[in-house]
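Here's the structure, in structure tokens; my notes come after.
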Amino acid sequence: MNEKNKKEILSRGAFATSIGAVIATLGSAIGLGNIWKFPFIAGENGGAAFLIVYIASTILVGLPVMISEIALGRKARANAITTMQKLNPKKGQPWWLIGALGALAAFTIMAFYTEVAGWVYAYIFKSLNTSGLSTNPQVTEKAFTDLITSPWQSLIWQWVVLGIVSVIIIKGVSKGIERVTKFMIPSLLVMVVIIAIRSLTLDPVATSKGLSFLFRPDFSKLGWDVVLIAMGLAFFKLSVGMGTMITYGSYWQNDQNIPYRTATVMLSDLAVSLLAGLAIFPAVFAFGFEPASGASLMFITIPAVFASMPFGQIFMVLFFILASFAATGAMISLIEVPVAYINENFNISRLKATIATNLTLALIGSLAALSNSVLADFKLFDLTMFDLFDYVSSNLMLPIGGLFIAIFVGWIWGKKNIEAALNNAGTLNNHVIVNVFTFIVRFITPVLIIIILLGGLGVF
Ligand code: TRP
């Protein structure tokens with residue numbers, strides 16, 4: 001890495017080691033999306049057929065948008081909104097709106113994500129007494145319902161989450177994020193493998209039911225609505241479509257191979273999701289849960305798996321600690337979008353920017369936190385505020401953001417800039433990859449997003 005590059009990055013706070021930015025990127029991708037959202041959405045939408053559409057969207061839509069975002073951020077070395085202003089050759093066109101929509105999406109996602117993270121934090125403490133540790137579905141379900149229907153518990157855990165995230169964000173990019181993520185991801189992986197092994201050895205009949213649920217596709221279950229949800233999950237999983245990866249790309253170093261590293265992130269992320277599926281579905285059938293239990297799925301099945309293994313309680317405490325780390329890494333990457341923007345564009349300190357952002361979130365987030373108690377009947381489009389934030393962010397805001405990012409990179413930024421960004425100014429020999437990427441980001445990704453959005457919203 002040359003001196004200019006080093007200075008340029010260090011002046012806005014870089015990751016300490018060359019691999020640090022990639023680790024942090026992985027830390028953004030891996031989160032509650034893998035262990036909470038993926039299993040419950042796959043469960044609600046029929047399993048294997050959904051999985052196939054999800055993997056296809058990840059490769060043809062999620063990964064190209066991720067490569068685009070990292071390349072843009074690394075080139076501009078700025079927050080998402082400034083990046084779009086800097087790199088746009090046509091000054092009159094308002095491409096910065098992508099960044100603005102992204103900051104809005106960050107708030108929408110955080111509003112419900114902090115609530116689920118709050119449940120995870122709460123479960124660390126619940127695991128310390130054994131009341132929720134049981135192979136009886138009614139017991140684990142009751143433990144979960146008691147938590148989410150209590151307005152004060154929901155609010156307080158959300159505030160705890162916001163407080164912890166604030167402290168890490170205020171401490172800055174490198175020290176905070178990298179240190180936590182580096183040991184969290186491998187440990188989480190080991191933990192999920194342990195749970196998966198236990199789950200797969202509970203009962204042979206349940207195992208085969210679980211496996212065929214996850215891997216034997218029944219395409220009759222697929223409609224446009226399900227395809228849109230699968231694509232939305234692909235965006236959500238890879239943290240793309242709203243500028244997180246632009247912001248993180250701005251911390252990547254100039255000699256890092258973007259297509260290779262992003263593909264590694266994508267595959268690792270997919271591996272964790274699939275392992276979470278293997279940890280949950282055999283247990284669902286072994287203990288007589290319902291695969292379509294929705295948002296409660298992870299919180300009711302995983303304790304049952306632990307209840308059926310030696311040292312289960314210790315493992316359960318460890319699991320929820322690791323899950324809380326994963327959730328925290330993801331939330332840091334979400335909050336970083338508005339904080340970096342406010343900090344860099346309005347010359348407001350990181351401290352003040354973080355406090356303002358988190359206080360706003362405490363306010364909006366309370367609508368989601370109270371969705372299972374006092375606001376349970378407060379619905380728009382037949383969805384509680386929690387479900388509405390979730391649906392609108394993943395299935396509308398991220399795809400729309402991703403659509404414009406792909407169009408911007410493919411058609412406005414153009415082939416020359418793409419080539420220079422992906423071959424690191426001529427130092428990598430990857431013509432074929434550059435050409436394939438350019439073709440996909442121009443013709444495949446935007447067209448798929450438009451068709452799926454229109455289809456999912458019932459236009460045809
Ligand atoms: N990918 C994270 C998860 O699966 C969530 C997340 C973090 C995210 N940053 C994001 C989603 C940015 C969309 C956009 O848990």
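These figures come from a predicted structure and were not determined experimentally. In listed order, ligands and their atoms are each counted from 1.
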After noting the C-alpha distance and the side-chain angles of Y391 and F381, does the key distance pass the ring pair (Phe, Tyr, Trp, His ring centres under 6.0 Å) rule? CA-CA 11 Å; Y391 188 93; F381 305 107; 9.3 Å; no
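Considering only residues two or more places apart in sequence or on other chains, D269 meets the side chain to side chain donor-acceptor pair (under 3.5 Å) condition with N34, K237. A search for side chain to side chain donor-acceptor pair (under 3.5 Å) contacts involving N345 returns N79, T82, not counting sequence neighbours. Listed by chain and number, the residues in a ring pair (Phe, Tyr, Trp, His ring centres under 6.0 Å) with F443 are W411, F439 (sequence neighbours excluded).
A centroid separation of less than 6.0 Å is found between the aromatic rings of Y123 and F320.
Near ligand 1, residues S28, A29, G31, L32, G33, I109, Y113, F236, K237, S239, M242, T244, A330, S333, L334, L398 each place a heavy atom inside the 4.0 Å sphere around the ligand atoms.
Note that OG1 of T328 and OH of Y113 are 8.5 Å apart. Values are rounded to the nearest 0.5 Å.
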